[in-house]
Each structure stands twice: as C-alpha cells, then as structure tokens.
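The structure appears right after this line, and notes come after that.
Side chains included, hydrogens not; waters and symmetry mates left out as well; all remaining heavy atoms used.
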Amino acid sequence: MAHHVTDRPPVHALLADGTTVCIRSVVAGDHDQLEGLYEEMSPENLRLRFFAVSHRSAHLAADRACAPARSGYRALLAETQGQVVGLAEYDSGDGGDSGDETDAAEVSIAVADGLHHRGVGTLLVEHLVSAARAEGIRAFTADALSENHAVLKLFADLGLRTTRRFEGPEVRCSIALDQSDSYLTAVEERGRAADVASLEPLLRPKVVAVIGAGRKPGSVGRAILHQLHAGGYTGRLFAVNPAAHAIIGVPSYPSVSALPRTPDLAVLAVPAAAVPETAEACGKAGVRALLVVTAGLDADQAQALLATCRSYGMRLVGPNCLGISNTDPQLTLDATFAAGHPRPGTAGVAVQSGGVGIALLDGLSRLGIGVSSFASLGDKFDVSGNDMLQWWESDGRTGLALLHLESFGNPRAFSRTARRVTRRMPLLTVDAGRTDAGRRAAASHTAAAATRTMTRQALFTQAGITATRSVGELLEAAALLHSQPLPQGARVAIITNAGGAGVLAADACAEAGLSLPAPAPALVDDLLAVLPDGAAVGNPVDATAAVTEEQLTDCLDRIMRYGGVDAVLVALVPTAVAAATGDDLVRALTSGPGRRAKPIVAVRLEQGLPVELLPATEDGTVPSYAEPQAAARALAHATRRAAWLARPAGTVPDLDGVETDRARTVVETYLAAHPDGGWLDPRTCADLLSCYGIPQIPWAWAETEDDAVLAADRLRGFDGRVVMKAHWPGLVHKSRQHAVHLDLRGDSQVRAAYRDLETRFAGLTTGVVLQPLAARGTELFAGVVQDEVFGPLVLFGLGGTATEVLADHAARLAPLSDHDVHDLITSPRCAPLLFGAQGSGPVDLGELEQLLLRLSRMAADLPQLAETDFNPVLATPGGVTVLDARIRLVPCRPQDPYLRRLR
C-alpha cells in the first residue's frame with residue numbers, strides 16, 4: 001500500500017568530498033534548470049540515461065519531474081548555490097494500488113556532467129529510499145544498460161539487498177528497501193567519510209584569516225590572532241582590519257576579498273550585528289569553514305548566519321564559543337582565546353561551555369595526557385559532538401574522547417556513532433543537567449517515571465559511554481583509562497601502610513560496586529613471607545608503617561600474579577619510618593616487572609591535586625588520587641567499560657506476527673477523526689496491541705447495566721469473579737479516581753458496581769470495561785514515552801498502584817536489542833522476584849522479553865505514539881498478560897533519524 005505523497009522540507013547534506021548540497025522536492029519553477037541539466041550532458045551520458053539520444057528527451061524528462069504532484073511519484077533534486085546538479089525520481093505507476101504485493105516503484109537518476117563520483121547520485125537515492133519507505137514502497141526497480149557501470153555500482157554499494165537480471169544489453173535491477181543494519185552501516189560509512197572531508201578546512205586549514213582582530217590589546221579577535229601566531233601555526237595567517245596594515249606582525253587587509261589567498265578557515269570576532277554580512281562576504285570569497293566566537297546573536301542574525309553557511313557550503317563552529325585547536329605537529333593550530341596553549345597529546349575534547357573547555361584543557365595538560373584536537377562548540381549551530389567523534393575516529397592521533405554536551409541534535413545517530421567509536425577508544429562525558437525532572441506534568445505512569453536524566457543515562461549506557469557526574473570525575477576516569485589496562489572484573493585488592501587508609505579505601509570500593517575478595521590461603525602465606533612482622537593479610541592488606549620499598553614491591557608482584565583479583569589499589573601515607581630509611585614507597589608502584597597486566601591505582605591522602613599521573617620506570621604511568629572515593633569511582637568506570645567491550649554487540653530480533661501496515665492504518669484512522677490526538681478508547685487500543693501480538697487479558701465493553709451483566713457472564717473465570725473499570729477519554733489513573741470495582745460475584749454485584757460508577761461519574765463515563773479477575777502473580781509495569789529529541793524510551797519495572805511511589809524502573813531507548821531487553825529485566829530492584837526469589841518459581845522470562853521487544857517495535861514503527869502505559873502487566877510462570885493498557889497518540893510527521901543531513 002503506497003501512502004499519499006507528502007512534502008518534505010529541504011535539507012542540506014554532505015557529498016563525498018565534504019561539499020554541501022541542498023536536497024529538496026522538485027517544483028514547477030525548476031523546469032528550465034532540469035531541462036538544462038539534461039541538455040548539457042554529453043551524448044554518451046544521455047544515451048546511458050535514456051538508452052538513446054533524442055532532442056526531446058530533456059524536455060520530456062523536465063515535464064515529468066515538474067508535473068503536478070501525484071500519488072506514487074516523487075522527484076528530488078540536488079542543488080548547490082542555486083544550480084541543479086542532480087535529479088532522482090521514483091514512480092510506482094499507479095500509486096501502488098495495483099495489488100502488486102511488492103509495492104515497487106521504478107527509480108531513475110541523473111547527475112550533471114563533471115560531478116560524477118562525488119556521491120550526488122548516492123545521496124539522492126538515500127533520500128529517495130527514506131521517502132519511499134514512509135510512503136509504503138518496499139522495493140525499487142531500475143533498468144540500465146549493462147555498460148552503465150557507474151549506476152550499477154551505485155545500486156550495488158547502497159547496502160541494500162539488490163538482485164540483477166540480464167535481458168540482452170539491459171540489466172533489470174531490483175532493490176529491497178528494508179532498513180537493515182547493513183544499510184545503516186553503509187550509510188554511516190559514507191557519512192563519516194563526507195563528514196571528515198568537510199572538517200578538513202576547519203581543523204587542518206592551510207590558510208586562516210582572523211576577522212575583527214583589533215590593533216590594541218583587549219579584543220577577543222586579537223587574542224585569537226596572537227594564539228595562532230605565537231602557537232606556531234605553520235600555514236598562512238592573515239588579519240582582516242581596514243584600519244591596519246599589520247597586527248602583531250601578521251599582515252592585515254581591509255576585507256576578505258582583498259586577501260592574497262582564499263582562507264580555508266575564517267575566524268569571526270566581529271559584533272553580532274556584523275556577523276551575517278561578514279559571513280556572506282566569506283562565502284562569496286570561497287571560504288570553506290567559519291569559526292564564530294561572537295556571542296549575543298538574535299534570532300534573525302542566527303538564522304542569516306546558518307543560511308549563509310548552508311548556501312555557500314561552509315562548515316560552522318559556534319557562535320558563542322572559545323575556539324578550536326589541533327596540536328598536530330605538522331599544523332599546530334590554536335584558534336582559541338584560552339590563557340595558554342594546549343599540550344599536544346591523545347585526548348580529543350569537545351565542549352559547549354568555554355569554561356568547561358578551559359578546565360579540561362588545563363587538567364589534561366597538567367596530567368600529561370594532552371590534547372589531539374579541541375572544539376568549543378558554543379551554540380552548536382552546525383558542527384556537533386557527532387562530527388568530532390568521527391574526526392577523532394579517523395585522525396590517527398586520538399586515543400581518548402571527552403565530551404561535555406548540554407544538548408543533542410540527533411541522539412539516535414549520535415548513539416550509533418558512539419557505539420562504533422567507543423569500541424576503539426574510551427568515550428567519556430559529563431552527564432550535565434541531571435536535575436531536570438523532565439515532563440512530569442503528563443498524566444500517565446510512564447511519563448511520570450521518565451525523566452531527561454533517565455533518558456540520557458539510557459543513551460550513555462547503550463552506547464558504551466563512560467558518564468561521569470563532574471569535570472573532576474571526568475579527569476579522574478580519563479587518567480586511569482589513559483594510563484592503565486582495563487580490569488577483567490570487579491575484584492579489587494587493597495594494600496596499605498596505614499590501617500585507617502585501608503578502611504577508607506575498602507568503604508569507597510564497596511560503595512562503588514566493586515568487590516573485595518578474601519585472599520586464598522596460599523597467597524596469605526606468600527605475602528606473610530615477604531611483609532614485616534605484624535602485617536595483616538586480608539583485604540585490605542595492612543603492610544604496616546614498617547614496610548620497606550622492597551617489601552612493598554614484592555607484595556605487589558605477588559598480588560599482580562594472583563588470579564583472584566582484577567585490579568590493585570595501593571593507599572599510602574608518608575611515615576617517618578620510610579623517611580628515616582630512605583625508602584620511597586611510591587617507587588614500588590611505578591617499577592617492577594609485569595605491572596601492566598592489571599590496572600593499579602594509588603591513593604595518597606596528602607596529595608595536593610585531586611589526581612596525578614606518576615611516571616613509571618617502564619611503559620605507562622600510574623594514576624594517583626587524593627581521595628579513595630575518586631580512585632574507586634575511576635576503577636568502577638573502567639570495570640563497566642571492560643564489561644561493555646566484552647559483550648558482543650546486541651541485535652534487534654525479528655518478530656513474527658507483526659502487522660505494521662495495519663497498525664499505521666489504525667493510527668491514521670484515529671488521527672483523522674481526532675486531529676489533535678488523544679488517549680485511545682479500549683477498542684482501538686486493543687486493535688493496536690493485536691497488530692504487534694501483545695497479549696491482553698480477555699475483556700468486554702458495556703454501555704448499559706444489562707450489557708455489563710451479559711458481558712460478565714461471558715467473562716467469568718474459574719471462580720466466577722470479574723473486574724469492572726470505568727472509562728472516559730483521558731482517564732488514566734483509575735485506582736486513584738476510585739473508578740475500579742474488583743472481585744465482583746453474581747449479577748447483583750455487577751449491577752450495583754455499574755450503577756455506582758454511573759452515578760459518581762455522571763457526564764464523564766462513556767462505558768465500562770469488564771475483565772475476569774486475574775490470577776495471582778507479579779505485577780509489573782512497561783511503557784513508552786516518545787521523547788521529541790531522543791525518540792522512544794522504553795521503561796520497565798515494578799507495577800501496580802505504587803509504581804510511581806517506589807520508582808523501581810529501568811529505561812532503554814528503542815529499538816531494543818536482545819542485550820537491552822536483558823538489561824531492562826535485570827536492572828530494577830524487583831528483578832529477583834522475576835527469577836523466583838520468593839520461592840514461587842521464575843516468571844515466564846521468554847514471554848516477558850517478547851512483550852518488551854514488541855512494545856519497542858510498536859514505538860519504533862509509530863512516531864505518533866506519544867505514550868504507552870501497561871500497568872499492571874501480570875507475570876506468572878505460565879505467561880505474561882497486559883491487564884490494563886493506555887495509549888496516547890499525537891499527530892507527528894515521521895522522521896528518519898539516520899538520513900544523512902546537516903542540522
């Protein structure tokens with residue numbers, strides 16, 4: 001079934017070489033340009049496109065593309081600076097209503113001569129695929145000459161399942177439009193290559209111009225010019241200032257157009273009112289990237305700036321930012337107004353806050369980790385954390401990624417990128433804005449339980465991101481992940497020369513979720529043989545104040561070889577004993593064989609800085625913390641990262657019995673009758689659940705007392721008891737409203753219950769729902785909230801009337817993988833009940849997994865699904881059943897979160 005063609009707003013996207021094009025629907029006014037696109041093609045390319053060379057082909061092709069909109073046909077064009085450079089079309093012939101079960105459409109592509117092999121056709125087809133899927137088309141077909149290697153390669157490389165059938169000199173191609181992971185991976189790879197290419201002029205510019213650098217000290221522009229000049233930038237550097245010929249030894253010119261070389265990167269440090277005009281001048285001059293440090297742009301100025309960048313294909317960092325830097329020794333770009341230059345190193349850093357950026361640059365430089373590249377994204381009009389992740393993945397220098405993001409433009413695309421990147425390097429972030437309680441005003445249990453904090457944490461957990469609570473904690477974790485191997489488990493051995501410090505360390509490890517196993521008897525004997533008299537060999541190991549450097553080294557060596565621990569924490573305090581003997585206990589940590597097999601961290605309570613890296617005599621360094629809590633937190637972060645890496649990537653299982661097209665029809669029918677959306681009535685709700693095979697307890701609808709009695713007779717369970725629930729649009733908390741009667745026996749009780757509800761809720765009720773009284777079991781809760789930024793969030797936990805009070809919920813972003821479902825079931829505090837902790841036997845875990853997967857699929861299929869609330873869900877050893885379901889729909893235009901486009 002092909003749905004009616006709808007308008008799609010224009011978007012900008014990157015070609016393979018990093019340049020920008022606009023992708024939009026064809027309109028009638030494009031006729032002349034489209035005709036020109038074909039007329040300017042070589043005879044050979046025209047023959048490959050139309051199978052023959054005809055003077056009328058161009059005119060007829062333009063007529064077809066510019067004809068009035070019709071069902072089953074769509075034409076998208078690519079243009080750059082107002083010039084059409086490509087066209088892609090599909091046509092199902094009759095709108096897809098011919099009964100053809102494949103719902104196929106014929107696809108064709110044309111790209112301007114001179115622009116082949118830059119990804120124009122592939123990008124257009126990707127957007128056409130997204131549009132076709134939204135309109136119910138499941139396959140593309142295309143005829144091509146067998147010698148048209150370019151278009152055949154385009155189809156083959158899409159990442160979609162493609163078949164070919166040769167018919168003489170022609171090839172018939174069939175392309176399935178299923179959104180498989182292989183297709184998303186292929187799109188990602190094309191997007192990554194294009195993204196990295198587009199960032200070259202920003203992060204590896206050969207020519208830089210600073211516009212707005214003043215002649216006198218004190219201006220931001222002059223500060224950035226000084227940083228570039230003094231920092232040893234190896235490219236050509238210019239200033240733009242009409243009142244100066246040179247500024248701090250850098251040649252200055254009156255305008256961008258007057259520069260002897262076209263800048264790759266222009267730094268704008270001009271007043272907000274001048275930003276749009278200056279950006280326009282840069283675009284006209286051929287500048288390829290802008291860094292706008294100016295703050296205070298109003299809405300019109302901001303819109304004009306971004307529109308100019310898109311029109312001329314310039315990437316943009318900012319506005320309202322600290323700047324960017326790249327410590328590549330072949331470039332040494334420091335276009336910031338930070339106080340000092342960042343130390344070269346291996347950490348990639350992206351922040352929105354300039355203050356946080358300065359703190360991270362200083363901290364990483366002090367630790368000796370250093371920075372590979374840095375971007376202060378500011379208001380983040382264009383270049384985002386996702387862009388920087390892809391740059392670090394490809395630059396060959398970055399081994400650690402640090403992000404401080406206050407907002408996410410496309411979290412689902414970010415999540416896919418992060419999952420890939422964090423398998424290659426640690427990715428750390430500060431979970432900023434944790435106190436935002438989210439949208440608690442919504443009525444359902446699901447919306448009340450969901451918070452922005454929970455949503456962000458789900459994103460971080462699923463993507464393998466190490467999320468910390470402060471900049472300090474971020475640096476603590478970075479120090480360990482940079483310098484030490486990952487632990488293979490959560491078992492920690494503590495060694496100390498002061499019993500009190502060992503107790504503090506033990507408490508910190510236990511509070512961080514780490515375990516402190518008792519040493520095996522053989523290890524106890526081994527350690528007592530090398531430690532001074534009076535040593536206590538447990539966990540912690542109290543080596544006493546009398547321990548020498550040699551004894552501590554021997555103790556460490558033996559514990560490192562012991563298979564019963566995964567990491568070692570050494571808590572040291574300075575003593576007069578060590579000072580008198582000349583022993584350096586710290587040196588015992590940083591020397592000795594085999595030290596890199598397991599992570600080792602130090603705690604020195606007298607240490608002045610929160611975290612330091614102690615130089616080791618062998619490869620690497622040892623992180624040292626002033627507080628045992630900091631060391632334990634860092635070890636816990638490393639343990640979680642190791643566990644995430646050890647688990648294979650999850651997959652989204654295939655589900656049988658899912659009727660997505662019918663579900664979309666149910667949604668469209670409801671929204672046609674209720675344009676503003678609303679809570680579904682019981683019949684529509686049950687219909688939608690049946691599309692996804694979600695099990696519901698039997699139920700009946702009644703609008704009169706007599707109907708209620710008849711329905712109760714049909715539904716009575718083995719003991720004859722039924723439940724009656726009032727219904728009216730918008731009613732969610734039935735128990736709180738006392739709109740439920742339980743344990744009804746016999747016709748008289750059913751009649752009395754109906755009359756009670758009818759009387760108390762006169763003018764509200766539209767009818768009642770009757771159900772058999774459910775058997776005993778564990779009451780659970782499952783639901784979905786459609787977050788406008790993050791997409792659908794699936795929640796699961798303890799259900800019943802106390803679900804909000806107990807707040808025992810876990811959350812993951814849809815679509816759920818098999819691993820996500822496992823985590824959802826095992827994370828809540830009530831999880832032991834599901835595994836038979838009270839002696840009643842485990843619930844049907846397979847059915848529970850299926851329920852969550854089907855709920856996830858429904859949420860992913862239907863963006864109009866604003867909230868879903870299953871409470872209670874009855875789980876027993878014999879199965880899982882939804883006892884009460886509420887669903888709220890809102891009008892919503894489907895968006896493809898993985899479609900390549902710039903914001």
Side-chain angles (χ1 to χ4, degrees), residues 11-24 26 30 32-54 57-58 60-62 64-65 74-90 106-130 140-160 162 164 169-173 175 183 186-187 189-198 200-201 286 288 312-313 899-902:
V11 297
H12 288 82
L14 296 170
L15 297 179
D17 60 0
T19 56
T20 305
V21 294
C22 176
I23 307 291
R24 64 171 176 83
V26 173
D30 295 319
D32 290 348
Q33 278 220 58
L34 289 175
E35 191 170 354
L37 171 74
Y38 290 111
E39 287 177 340
E40 293 170 13
M41 284 184 182
S42 67
E44 176 62 12
N45 283 336
L46 275 176
R47 186 181 68 83
L48 291 175
R49 168 64 184 84
F50 296 111
F51 296 17
V53 179
S54 166
S57 295
L60 293 174
R64 182 179 65 251
R74 179 175 293 280
L76 298 177
L77 61 76
E79 65 180 356
T80 176
Q81 297 187 37
Q83 181 67 40
V84 174
V85 296
L87 173 71
E89 311 160 85
Y90 70 68
E106 187 85 14
V107 65
S108 60
I109 309 147
V111 175
D113 280 9
L115 287 172
H116 294 274
H117 311 299
R118 290 174 58 184
V120 176
T122 301
L123 185 60
L124 278 168
V125 171
E126 286 179 17
H127 281 255
L128 214 55
V129 166
S130 178
F140 281 162
T141 59
D143 292 320
L145 292 174
S146 57
E147 61 197 277
N148 193 346
H149 303 298
V151 77
L152 294 175
K153 186 175 189 306
L154 186 157
F155 293 146
D157 292 346
L158 280 173
L160 295 169
T162 304
R164 297 180 182 181
E170 298 177 15
V171 184
R172 180 74 168 172
C173 300
I175 305 157
Y183 177 66
V187 171
E189 179 55 31
R190 290 190 287 267
R192 185 199 62 77
D195 214 347
V196 170
S198 77
E200 282 280 342
R288 296 185 59 198
Y312 291 101
L899 186 63
R900 283 200 284 154
R901 57 175 173 250
L902 295 170

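The nearest pair of heavy atoms linking Ala16 to Ala197 is O-CB, 3.8 Å. Smallest separation of non-hydrogen atoms from Val111 and Val120: CG1-CB, 4.1 Å. Considering all non-hydrogen atoms of both residues, Arg901 and Ala13 come closest at CA-CB, 4.0 Å. Annotation for Leu15 and Ala194: closest pair O-CB, 3.0 Å, computed over non-hydrogen atoms. Between Ala65 and Val26, the shortest heavy-atom contact is O-CG1, 3.5 Å. Here the shortest heavy-atom pairing between Ala88 and Leu124 reads CB-CB, 3.7 Å.
Going from atom CZ of Phe50 over to atom OG of Ser108 covers 8.0 Å, rounded to the nearest 0.5 Å. Interatomic distance, CG of Leu87 versus CD of Glu79, reported as 12.0 Å (0.5 Å rounding). Here the CG atom belonging to Asn148 is positioned 9.5 Å from the SG atom belonging to Cys173, to the nearest 0.5 angstrom. The CZ atom of Arg288 sits 9.5 Å away from atom OG1 of Thr20, with the distance rounded to the nearest 0.5 Å. The line from OH of Tyr312 to OG1 of Thr80 is 11.0 Å long, rounded to the nearest 0.5 Å. Going from atom CZ of Arg190 over to atom CG of Asp195 covers 14.5 Å, rounded to the nearest 0.5 Å.
Side-chain atoms of Thr162 do not come within 3.5 Å of backbone N or O of Ile175 as any donor-acceptor pair. Although no hydrogens or angles enter the test, the distance criterion places a donor-acceptor pair under 3.5 Å between the side chain of His127 and the main chain of Arg900.
Using a 4.5 Å heavy-atom cutoff, the side chains of Arg24 and Asp30 are in contact. Counting only heavy atoms from C-beta outward, the side chains of Glu44 and Glu147 approach each other to under 4.5 Å. By the 4.5 Å heavy-atom criterion applied to side chains, Glu89 and Glu106 are not counted as neighbours. Side-chain contact between Phe155 and Ile109 is present, with heavy atoms from C-beta onward closer than 4.5 Å. A heavy-atom distance below 4.5 Å is not found between the side chains of Phe140 and Leu160. For the pair Leu902/Leu14, a side-chain contact is recorded, criterion being any heavy-atom separation below 4.5 Å from C-beta on. Residues Asp113 and Glu40 fail the side-chain proximity criterion, which asks for heavy atoms closer than 4.5 Å. Counting only heavy atoms from C-beta outward, the side chains of Asp157 and Thr122 never approach each other to under 4.5 Å.
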- Verdict with reasoning, Glu170 to Leu145, per side-chain contact (heavy atoms from CB on, under 4.5 Å): CA-CA 4 Å; Glu170 298 177 15; Leu145 292 174; 4.2 Å; yes
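In the model, Arg118 has a side-chain atom that pairs as donor or acceptor with a side-chain atom of Thr19 under 3.5 Å.
Around NE2 of His116, the count of heavy atoms belonging to other residues, nucleotides or ligands within 6.0 Å exceeds 12.
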